[in-house]
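Below: the structure, in structure tokens.
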Amino acid sequence: MKMDTTELFEFCFVDREQERQILNNFFNNKQETTLWIKGASGFGKTTFFNYMFEKWNQYSLCYINIRTDTTSIEIISDFIIQLQQYANMDFISQFKNHYKKFYNNIYKTIKVIPEMIFPQISNVISVLLDTSYTIVTNNGENKNCIEVIIDYISDILKRRKLCICIDNFSRCDLQTASIFFQIFKTFLLQDYFRSCIITTTEELSDKLKNAIYRNLPYTEIKITELNEYNYFGQILNSIFDLSNIEKEDLQYIYQKCNGTRSEPYSKFLLLAML
């Protein structure tokens, strides 16, 4: 079994000069794209984004990390919960204030929103994601799920800059991914908005990859293995005492571990404990 020890240590950040320049340019100059950070597991994609984003803290960060085997309802609910911290009003309260009924297009039935109780955001999202329903505003306009979420984000953008980052986007199903595609494309022209997806090569299906190619204008950053073993040594030196490690030994560890993070640290940790 692969042992991942990356969360056990405080890693220093090295190299990635070209990648840093691309990200800084992405935030500094408005681009009508989404930032796509890609790479194999253990190469430090999330660490790279978090480290670099600290410089751009004028943007409020809505960050979600998609767990394995999560449903569309769970992902969108988590997304809304993260958005709420920057909104004037929680999502359910705003929903009740702006919308009056659900209309079922198939069965021609109506649910009056003020009479419904929504103890959890997931209950609202489960109805919103049901394509048989249309949401009717107090002004009589018909809205779908995406438009309701977009209105909520628009209200946030009136007061602050916002960056939405979806980590482990490769775990999205196509339905959930399409929701994020529409949200991102809606706000690409707004200077106060940035969006980012992070994908892991081993988990990214061909269907989702092709959907990203077709639907999402993007600026790409590919995180690969460290190009020099001395950078690898700088990271290890922030964790272990390398005073007794010869240059040749460090080169050997670097080559065996392919310059990645997950496996090399677990192996090196075991060696250090011997």
> Do we get K161 above Y192's six-membered ring, with its NZ or CZ under 6.0 Å from the centre and within 45° of the axis?
Replying inline: yes

>> Could you check whether any side-chain N or O of T176 sits under 3.5 Å from a backbone N or O of C172, counting only pairs where one atom can act as donor and the other as acceptor?
In response: no

>> When you compare the side chains of N139 and T137, does any donor N or O come within less than 3.5 Å of an acceptor on the partner?
In response: no

>> More than 12 heavy atoms of other residues, nucleotides or ligands under 6.0 Å from CD of Q18: yes or no?
In response: no

>> Donor-acceptor pair, distance only, cut-off 3.5 Å: does the side chain of K96 make one with the backbone of F91?
In response: no

> Quick check: does any side chain N or O of E74 sit under 3.5 Å from a backbone N or O of T71, one acting as donor and the other as acceptor?
Replying inline: yes

> Charged N to carboxylate O below 4.0 Å: is that the case for D151 and K143?
Replying inline: yes

> Is the F193 ring parallel, tilted or perpendicular to the F187 ring (thresholds 30°, 60°)?
Replying inline: tilted

>> Looking only at the side chains, is there a donor atom on one of Y133 and K111 sitting less than 3.5 Å from an acceptor on the other?
In response: yes

> Do T109 side-chain atoms and N104 backbone N/O form a donor-acceptor pair below 3.5 Å?
Replying inline: no

>> Treating R194 as the side-chain partner and L35 as the backbone partner, does any N or O pair qualify as donor plus acceptor under 3.5 Å?
In response: no

>> Is the distance from the ring center of F53 to that of F27 below 6.0 Å?
In response: yes

